[in-house]
Trainee: 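Have a look at this one.
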Protein chains: 2
Amino acid sequence: MVYTIKDVAKQARVSTATVSRILNNQPGYSEKTKAKVLQVIEELGYEPNAVARGLVKKRTHTIGVLFPSVSSLFSGKLLSGIESVTHAKESSVIVCHTQELGSKTMKYLHLLNEKRIDGLIFASEVLKGEYYDYIQKMGVPLVLLATESPEFQVPYVKVSDYQASYSAARYLIEKGHTKIGMISGGDDVIAGIPRIEGFKQALKDHALLPLNEENIFWGEDFGYKEGKKNFPFLLKRFPNMTALFCASDHLAMGAMSAAVEIGMKIPEDLSIIGYDNLPIAEMATPPLTTVEQPLEEMGKRAAAGLFRMLESGDKMRAEIMPHQIIERKTVKHL
Amino acid sequence: MVYTIKDVAKQARVSTATVSRILNNQPGYSEKTKAKVLQVIEELGYEPNAVARGLVKKRTHTIGVLFPSVSSLFSGKLLSGIESVTHAKESSVIVCHTQELGSKTMKYLHLLNEKRIDGLIFASEVLKGEYYDYIQKMGVPLVLLATESPEFQVPYVKVSDYQASYSAARYLIEKGHTKIGMISGGDDVIAGIPRIEGFKQALKDHALLPLNEENIFWGEDFGYKEGKKNFPFLLKRFPNMTALFCASDHLAMGAMSAAVEIGMKIPEDLSIIGYDNLPIAEMATPPLTTVEQPLEEMGKRAAAGLFRMLESGDKMRAEIMPHQIIERKTVKHL
DNA sequence: TTGTAAGCGTTATCAC
DNA sequence: GTGATAACGCTTACAA
């Protein structure tokens, strides 16, 4: 049996209005009736119906999160950050992993709109005009996480891909490397291009840039298989390479695997640095040196920003999170 | 501007009842009015309010999923299976990762109850009496995922830990190993004990069991660090071990790392087999041989079972999923 | 084929 | 302090 506010009211011999006031601790009742009502609530095990409440308050205490499923390792950390602040706000999160890169995004957006979520976090996927327009119509606050929008002015939380890649390359240079290759994860404007540009700029600033970019292999995506597949091609093009920057940890793991398979030793024959600092980086053999994105913290910031917009109504500003190099065992000082 | 069914009705010059009928394609209107209404809906961009609908239908088209956050790699796969069938049912999933092993479980249960979720998937954590009682009161169908309950009769979806571990051990034996060690992940009744028992039984059936179980190291949890920390202890106790079964892939990764650090070669000096087949297993160097739990499929089954209970009302039966050995590179044939 | 109106479980605006 | 009662946006008898 699940009770309603009416049951409580009846049993406590007061009106539903009074019960409601007590539940929402608003003024307007004596201590005595409060005690009585609370007691009845306790007895019945009454819990308010958030659906009804949501209907009148026009606030569901639910936010939506849209992820591309491209890496559950990646989204797991972001999600746990989001969850932790969302739960602290007595709210819950509906997750939507859009399967094959955005194919179902519009469908999920509709679902979330019908559910009247309070706000939306859009993670690590590019915000198409179609999405943006629809979200505007939904009229809920939006924050981008681990992505940004050149086209629309939307608050976001991410590290600077450009700077982080610059740091990675510079780190390698500081370790004495001059023949540095890169495996990139694609040519998207958000993460793909800036990581390449940051890398190139670092080399250029140290007068190391090859003329024809033979040291950069443009892959299709950021996955393990891509890294494994492409490493040999890069090596063929750039055989005297002593260090390698991979645009993701997955890519790095793949490259490492390919390298080991042809008998190379990491880091003796080749230094490798990744990007992300996923849990796997620590577990690799040897443990992977990488540039960290503080994913969990980023999730927290995004959610915190969303709730701020929700509560105070003012716009959230973009937040560039600090990145840092996590030194482990895959880079050798020449 | 977000429109209601009244706006549509007014604009189309019909009653809200008619609009509702059309929306839920129930009988009772001419083709002409239908066309008219649909057109208005299109024009206004009207989308029904699922909150209001949920209030009257007592069905929110939302299910809750409770995870222990102990491994996002693990829950990621389960979640994507759950999501895929849930979304196909036009429903959504609210996720709750209970932080430090169940500390917040009751709190989340209350949250989910207030939200009036239609059903609950309880993943890979032990179902305490307190939880069970409360869920009974909630009155929603429950299915256990990657866990089971000896105490209460609740449908569950999981592999047989006992059999899977037996298989792992037998696999090692078939590869010619006789000195086989194990690092376990704890002594819980669900996953801890059965994996140990299955392992022991396989050895016993092949007359390999040492007298004092010096070949089994009982760890605290299933994590990477635990594997790394405990491997040396096991090795000391059981120095002539040629093969090792780890009760999770994380444990295996940790053990491998520890082994490599003291100069051992995998699989030349030591064969290792894991348990789970997480994404990391494939990415390990060398790639980890392991016994697979079909996590994504398990998630699908659990959700499918839940919806069956929801729709037809009948009880779901427990489903033991098949496990299989994924042969990669960490086990050597002696 | 269509409309009226009650009800879902709350909150909020009035009165008293 | 407290209680009617009208919303909130929908569905669903019951009438017409």
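Computed from a predicted structure; not experimentally measured. Order of the sequence lines sets the chain letters (A, B, ...), proteins ahead of strands, with each chain counted from 1.
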Trainee: As a check on the pairing definition, encode DNA chain D in dot-bracket form, counting Watson-Crick and G-U wobble pairs whose two distances are under 3.5 Å, and using | for partners outside this strand.
Mentor: ||||||||||||||||
Trainee: In this structure, how many angstroms lie between the P atom of dG9(C) and the CZ atom of Arg116(B), rounded?
Mentor: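 Taking CZ of Arg116(B) and P of dG9(C), I get 9 Å after rounding.
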Trainee: Could you state the atom-to-atom distance from OH of Tyr46(A) to P of dG9(C) in whole Å?
Mentor: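 Distance check: Tyr46(A) OH to dG9(C) P gives 10 Å.
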Trainee: dC8(C) phosphate, OP1 or OP2: any side-chain N/O from Thr4(A) under 4.0 angstrom?
Mentor: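 Result: no.
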Trainee: Rounded to whole Å, please give me the gap between CD in Glu47(A) and C1' in dT10(C).
Mentor: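 Spelled out: CD on Glu47(A) to C1' on dT10(C) is 15 Å.
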Trainee: Rounded to the Å, how far apart are Leu55(B) CG and dT10(C) C1'?
Mentor: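 Nearest whole value for this atom pair: 8 Å.
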Trainee: Hey, could you give me the CE/CG distance between Met309(B) and Asp118(B), rounded to the nearest 0.5 Å?
Mentor: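 Here the rounded value is 12.5 Å.
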Trainee: Gln39(B) and side chain to side chain donor-acceptor pair (under 3.5 Å): which partner among Glu42(B), Glu43(B), Lys36(B)?
Mentor: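 Of the listed options, the one satisfying the test is Glu43(B).
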Trainee: Give the C-alpha distance, both sets of side-chain angles, the deciding distance and a yes or no for side-chain contact (heavy atoms from CB on, under 4.5 Å) between Thr62(A) and Ser91(A).
Mentor: CA-CA 5 Å; Thr62(A) 305; Ser91(A) 296; over 6 Å; no
Trainee: Please give, in whole Å, the distance from dT12(D) P to Ile5(B) CD1?
Mentor: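 To the nearest whole Å, that distance equals 11 Å.
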Trainee: Can you tell me if Thr33(A) touches the phosphate of dT2(D), counting only side-chain N or O atoms and a distance under 4.0 Å to OP1 or OP2?
Mentor: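 For dT2(D), OP1/OP2 do have a side-chain N/O of Thr33(A) under 4.0 Å.
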Trainee: Taking the six-membered ring for Trp, are Tyr108(A) and His97(A) ring centroids under 6.0 Å apart?
Mentor: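 Ring-ring flag for Tyr108(A)/His97(A): false, centres at least 6.0 Å apart.
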Trainee: Are Leu145(A) and Phe122(A) close enough, and set up right, to give a side-chain contact (heavy atoms from CB on, under 4.5 Å), and what steps lead you there?
Mentor: CA-CA 6 Å; Leu145(A) 177 53; Phe122(A) 191 94; over 6 Å; no
Trainee: Flag the pair Lys89(B) and Glu311(B) as a salt bridge only when some basic side-chain nitrogen lies within less than 4.0 angstrom of an acidic carboxylate oxygen.
Mentor: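 Yes, this pair counts.
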Trainee: What nucleotide, of dT11(C), dG9(D), dT12(D), holds the atom closest to the side chain of Lys57(A)?
Mentor: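 Selected nucleotide: dT11(C).
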Trainee: Below the 4.0 Å mark, does dC10(D) have OP1 or OP2 next to a side-chain nitrogen or oxygen of Tyr3(B)?
Mentor: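 No.
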Trainee: Salt-bridge test for Lys300(B) and Glu296(B): reply yes if a basic N is under 4.0 Å from a carboxylate O, no otherwise.
Mentor: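 Answer for the salt bridge query: no.
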Trainee: Could you check which of dT2(C), dC8(C), dT10(C) has an atom nearest any side-chain atom of Asn49(A)?
Mentor: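 Nearest listed nucleotide: dT10(C).
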Trainee: Side chains of Leu38(A) and Lys34(A): closer than 4.5 Å at any heavy-atom pair?
Mentor: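 A side-chain contact under 4.5 Å exists here.
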Trainee: Which of residues 8-28 of chain A have a heavy atom under 4.0 Å from DNA chain C?
Mentor: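 Hits under 4.0 Å, by residue number: Ala17(A), Ser20(A), Arg21(A), Asn24(A), Gln26(A).
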Trainee: Could you check how far CZ of Arg59(B) sits from C1' of dT11(D), rounded to whole Å?
Mentor: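 Nearest whole value for this atom pair: 15 Å.
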Trainee: Starting from P on dT11(C), measure out to NZ on Lys6(A) and report it in whole angstrom.
Mentor: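 After rounding, the reported distance stands at 13 Å.
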Trainee: Any idea which of dT2(C), dG9(C), dC10(D) is nearest the Arg53(B) side chain?
Mentor: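 Of the options given, the side chain of Arg53(B) lies nearest dC10(D).
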Trainee: Roughly how far apart are Tyr46(A) OH and Leu23(A) CG, rounded to 0.5 Å?
Mentor: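 Separation between the atoms: 5.0 Å.
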Trainee: Rounded to the Å, how far apart are Asp7(B) CG and dC10(D) C1'?
Mentor: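 Whole-Å distance recorded here is 13 Å.
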Trainee: Looking only at side-chain N and O atoms, does Lys58(A) come under 4.0 Å of OP1 or OP2 in dG9(D)?
Mentor: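 Checking Lys58(A) against dG9(D): at least one side-chain N or O falls below 4.0 Å of OP1 or OP2.
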Trainee: Looking at every non-hydrogen atom in both residues, tell me the closest pair between Leu55(B) and Val51(A) and how far apart they are.
Mentor: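 Here Leu55(B) and Val51(A) meet closest at N-CG1, 3.7 Å.
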